[in-house]
Amino acid sequence: MVANGNIEAQNFLGYMYLHGHAIERNYDEAFKWFIKSAEQGNSMAENNIGEMYFHGEGVKQNKKEAIKWYNKSAEQENALSQCNLGYMYESGDGVS
């Protein structure tokens with residue numbers, strides 16, 4: 001079911017890999033599943049990719065990439081991404 005495009009399951013599997021819940025932590029697998037889900041428009045997966053870039057978890061820390069992914073998610077009215085963007089703008093973290 002996950003490989004067939006269930007975007008919620010793909011995102012959830014990525015989350016499990018990212019945090020090591022019931023499975024060994026694997027950033028590469030987390031990123032892979034988040035991308036699969038995000039490519040199909042899952043705003044939570046887009047936020048999670050932003051988080052990985054923001055914190056440098058499994059990818060080189062890149063605040064511009066984090067903003068790009070947070071924006072994609074925020075445009076779909078994802079409140080968590082909107083909050084993450086607000087934090088970055090308030091603190092000047094990666095933005096002017």
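Side chains included, hydrogens not; waters and symmetry mates left out as well; all remaining heavy atoms used.
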ask   = Can you name the closest pair of heavy atoms from Y70 and S81 and give their distance?
value = O-CB, 3.5 Å
ask   = Short question: side chain of Q76, backbone of G41 - any donor-acceptor pair under 3.5 Å?
value = yes
inquiry  = Using a 3.5 Å distance criterion without hydrogens, assess whether the side chain of N48 forms a donor-acceptor pair with backbone atoms of M44.
reply    = yes
query = How long is the gap from CD on Q82 to CG on N84, to the nearest 0.5 Å?
reply = 10.0 Å
key: Joint hydrophobic cluster, V59 plus W69, side-chain heavy atoms closer than 4.5 Å   = yes
query = If you count the non-hydrogen atoms of other residues, nucleotides and ligands that lie under 6.0 Å from OH in Y27, is the total more than 12?
reply = yes
note = All heavy atoms of E57 vs all of E51, minimum pair found to be OE1-O, 4.5 Å
remark   = Rounded to the nearest 0.5 Å, the CD atom of Q10 sits from the CG atom of N42 at a distance of 8.5 Å
query = Which distance, rounded to the nearest 0.5 Å, do you find between the CG of N11 and the NZ of K36?
reply = 14.0 Å
request  = Spell out, yes or no, whether L18 and F12 are grouped together once hydrophobic residues are joined by side-chain heavy atoms under 4.5 Å, including indirect joins.
outcome  = no
inquiry  = Tell me the closest heavy-atom pair linking F34 and A45, and the distance in Å.
reply    = O-CB, 3.5 Å
key: Pairing residues for E65 by the salt bridge (Lys or Arg N to Asp or Glu O under 4.0 Å) criterion, not counting sequence neighbours   = K68
ask   = Can you tell me how far CG of L85 sits from CD1 of I67, rounded to the nearest 0.5 angstrom?
value = 7.0 Å
key: Donor-acceptor under 3.5 Å (S73 side chain, S43 main chain)   = yes
inquiry  = Would Y15 and H21 count as a side-chain contact (heavy atoms from CB on, under 4.5 Å) here? Give the steps.
reply    = CA-CA 8 Å; Y15 184 86; H21 292 300; 3.7 Å; yes
Within 45° cone of F54 ring axis and under 6.0 Å: K63 NZ or CZ = yes
request  = Report whether M16 and W33 are members of the same hydrophobic cluster (ILVMFWY, side-chain heavy atoms less than 4.5 Å apart, transitive linking).
outcome  = yes
key: Closest approach of N78 to L80 (non-hydrogen atoms, all atoms of both residues)   = OD1-N, 3.0 Å
key: Shortest non-hydrogen contact between I7 and S37, atoms and distance   = O-OG, 2.7 Å
inquiry  = How close do M52 and G58 get, counting heavy atoms only, and between which atoms?
reply    = CE-CA, 4.5 Å
